[in-house]
Each structure stands twice: as structure tokens, then as C-alpha cells.
**Q** 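Okay, handing you the structure first.
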Amino acid sequence: MRTFSHALINASLGTASKLKRTDIIAVACGAVLPDMPLLLLSSITMLLSPSWDIGMARVHESYATNPWWIALHNLPHSLVVLTLLSVTSYLVIQRVWGRYIFLASISALMHTFIDIFTHATDGPYIFFPVNMWRFESPVSYWNSTYYGTAFTVFEISLDIALAIYLLFKIRHATPT
């Protein structure tokens, strides 16, 4: 899914669970965290490329072959890494920072679970760095060969509904 969709889904779940605002911020940050390294690397590559086509070719090549790109993209998507982070932070959940890290890591886990089932051929290596296996979903959030067009319609509809829900909740929230 698209990064902002992850944020909307997780923030909505946090809101529905009646989490405090600061907790929802941790949840939203965790929801986008797995995509941040790839967004940063892709942005830098595109800015330093002489044209859009060359930049896109460099991004696709680096995503598939550059060990730094592979590691930086897959570590924050790894079920191994995120589970370890969740368990470790749960041990110190009574501390404010422990709670925020726990919520963010659970949110990042949710992001990864969604990505596993919405990436046909380009999903994360879900047990990285233990192995480099990816689930090949029959659905892609973007590739029309794998129902990407229909999924995009679904995703945009979901985003609109969740944005309306969040705006309604924010508007009717009691000040804290």
C-alpha cells in the first residue's frame, strides 16, 4: 500500500482504540517508518539524476541489487527485527519512551503485514536478515497485472473514508 494509507489505517485504529493523542502520533510514525529509508534513497537518486527516466532506472536497479538499499529497505519491514523491537520495548512499556517505541513497532508490524499481501513481486524480504524470502501475493497495490487498478480504487476509497472518520473524531474530540 501507499505510505499515507498505512498512516491513515493505523491512526484510525489507534483512534478507535481510544489511545491518547501522543500514542496516536507514535502509531502514525510507526506506520510510515518502514517506507522512510526507501523514500529517502529514491528521492536523493531522483534529484541527482539528469532525467526522470534515468532516475527511475537507477532506483529500480538499486532496489534490486544494491546491498545498502536492500538492507535499508528490508530491516524496517522485517518481521524478525520488528518482533524483537516490540518484545524488547514491551519489557519497558511502563516508561513513556518504551510505550511509544512499543506502539510504533506494533504499527510498523501492521504495515509489514499489509505489505506482504499487497506486493506481488516487489514485497519486502519478511524474515530479513535471516533470509531473503518474499511472499508473492496475487495482488499488487500498483501493478495492473496483479489487480493494481482495482486495488487502487479500493485504497483511495478507504483513504477517503478513513480521512473523514479521523476528521470527524478530531472535530468532536474533547480537549486534553
Side-chain angles (χ1 to χ4, degrees), residues 1-21 23-43 45-46 52-53 55-57 59-64 69-70 72-83 85-86 102-128 132-173:
M1 282 187 120
R2 289 157 185 85
T3 305
F4 58 85
S5 298
H6 288 290
L8 288 169
I9 290 167
N10 289 6
S12 295
L13 289 172
T15 300
S17 300
K18 301 192 186 299
L19 292 177
K20 295 184 281 183
R21 255 182 221 178
D23 291 344
I24 293 170
I25 292 169
V27 166
C29 289
V32 300
L33 179 70
D35 288 344
M36 288 301 104
L38 185 62
L39 287 171
L40 181 64
L41 290 167
S42 298
S43 297
T45 300
M46 294 303 289
W52 178 265
D53 292 337
M56 288 304 288
V59 167
H60 289 289
E61 172 72 20
S62 296
Y63 179 84
W69 278 56
I70 292 168
L72 289 171
H73 175 65
N74 288 287
L75 280 172
H77 279 92
S78 170
L79 295 180
V80 173
V81 171
L82 293 171
T83 299
L85 184 59
S86 297
F102 176 74
L103 290 168
S105 62
I106 293 296
S107 186
L109 270 168
M110 178 165 230
H111 174 127
T112 296
F113 278 121
I114 292 170
D115 275 3
I116 289 169
F117 298 104
T118 59
H119 286 261
T121 59
D122 61 344
Y125 297 127
I126 50 183
F127 298 113
F128 189 84
M132 293 179 66
W133 176 78
R134 69 170 44 112
F135 175 74
E136 292 191 19
S137 174
V139 176
S140 170
Y141 78 96
W142 66 271
N143 188 333
S144 61
T145 306
Y146 300 94
Y147 310 101
T149 304
F151 191 87
T152 295
V153 171
F154 162 76
E155 185 176 0
I156 291 169
S157 301
L158 178 64
D159 289 346
I160 291 168
L162 293 175
I164 291 168
Y165 168 76
L166 288 169
L167 289 171
F168 178 80
K169 292 302 253 181
I170 289 168
R171 184 165 184 195
H172 293 90

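Worth knowing before you read on, the calculation uses all heavy atoms, side chains too, and leaves out hydrogens, waters and symmetry mates.
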**Q** If I compare all heavy atoms of M1 with all of T118, which pair ends up nearest, and what's the gap?
**A** N-OG1, 3.1 Å
**Q** Taking S17 for the side chain and L19 for the main chain, is one N or O donor matched with an acceptor at less than 3.5 Å?
**A** no
**Q** Suppose the criterion is salt bridge (Lys or Arg N to Asp or Glu O under 4.0 Å): which pairs have a residue in residues 153-164, not counting sequence neighbours?
**A** R2-E155
**Q** Are any non-hydrogen side-chain atoms of I24 and T15 less than 4.5 angstrom apart?
**A** yes
**Q** To the nearest 0.5 Å, how far apart are CD1 in I9 and OG in S107?
**A** 10.0 Å
**Q** Once rounded to the nearest 0.5 Å, what's the spacing between atom CD of E136 and atom CD1 of I116?
**A** 13.0 Å
**Q** So, the side chain of N74 versus the backbone of F128: is there a donor-acceptor pair under 3.5 Å, distance only?
**A** no
**Q** Could you tell me which non-hydrogen atom of Y146 sits nearest to which non-hydrogen atom of S137, and how far apart they are?
**A** CD2-O, 4.4 Å
**Q** For I106 and S86, which heavy atoms make the closest approach, and how far apart are they?
**A** CD1-OG, 3.7 Å
**Q** Are H73 and Y63, when compared by the centres of their aromatic rings, separated by less than 6.0 Å?
**A** yes
**Q** To the closest 0.5 Å, what do you measure between OG1 (T3) and NE2 (H111)?
**A** 6.0 Å
**Q** Working note: W133 + I126, criterion side chain to side chain contact (heavy atoms under 4.5 Å, CB included); need CA distance, chi angles, decisive distance, verdict.
**A** CA-CA 7 Å; W133 176 78; I126 50 183; 3.1 Å; yes
**Q** Does any part of the side chain of L79, heavy atoms only, come nearer than 4.5 Å to the side chain of L109, both counted from C-beta?
**A** yes
**Q** Indicate, with yes or no, if the rings of Y165 and F168 have centres closer together than 6.0 Å.
**A** no
**Q** Could you measure the distance from the SG atom of C29 to the CG atom of N10? Nearest 0.5 Å is fine.
**A** 11.5 Å
**Q** Using only atom types and a distance under 3.5 Å, with no angle test, would you say the side chain of S140 pairs donor to acceptor with the backbone of Y147?
**A** no
**Q** How many angstroms lie between NE2 in H119 and CZ in F135, if you round to the nearest 0.5 Å?
**A** 12.5 Å
**Q** Using the test salt bridge (charged side-chain N to carboxylate O under 4.0 Å, His left out), find all partners of D35 that sit at least two apart in sequence or belong to another chain.
**A** none
**Q** Please report the shortest heavy-atom distance between P34 and A108, naming the atom on each side.
**A** CG-CB, 3.8 Å
**Q** Do M110 and V27 have side-chain heavy atoms sitting under 4.5 Å apart?
**A** no
**Q** Just so I know, are the side chains of M36 and L39 near enough to count as touching, which here means a heavy-atom distance under 4.5 Å?
**A** yes
**Q** Is there a donor-acceptor pair closer than 3.5 Å between any side-chain N or O of H77 and the backbone N or O of T112?
**A** no
**Q** What pair of heavy atoms forms the shortest contact from W69 to V59, and how long is it?
**A** CZ3-O, 3.8 Å
**Q** Which value, rounded to the nearest 0.5 Å, describes the distance between L72 atom CG and L41 atom CG?
**A** 5.5 Å
**Q** Is there a donor-acceptor pair closer than 3.5 Å between any side-chain N or O of S12 and the backbone N or O of L8?
**A** yes
**Q** Tell me, please, which residues at least two apart from T149 pass side-chain contact (heavy atoms from CB on, under 4.5 Å).
**A** S144
**Q** How close do R134 and G123 get, heavy atom to heavy atom, and via which atoms?
**A** NE-O, 2.6 Å
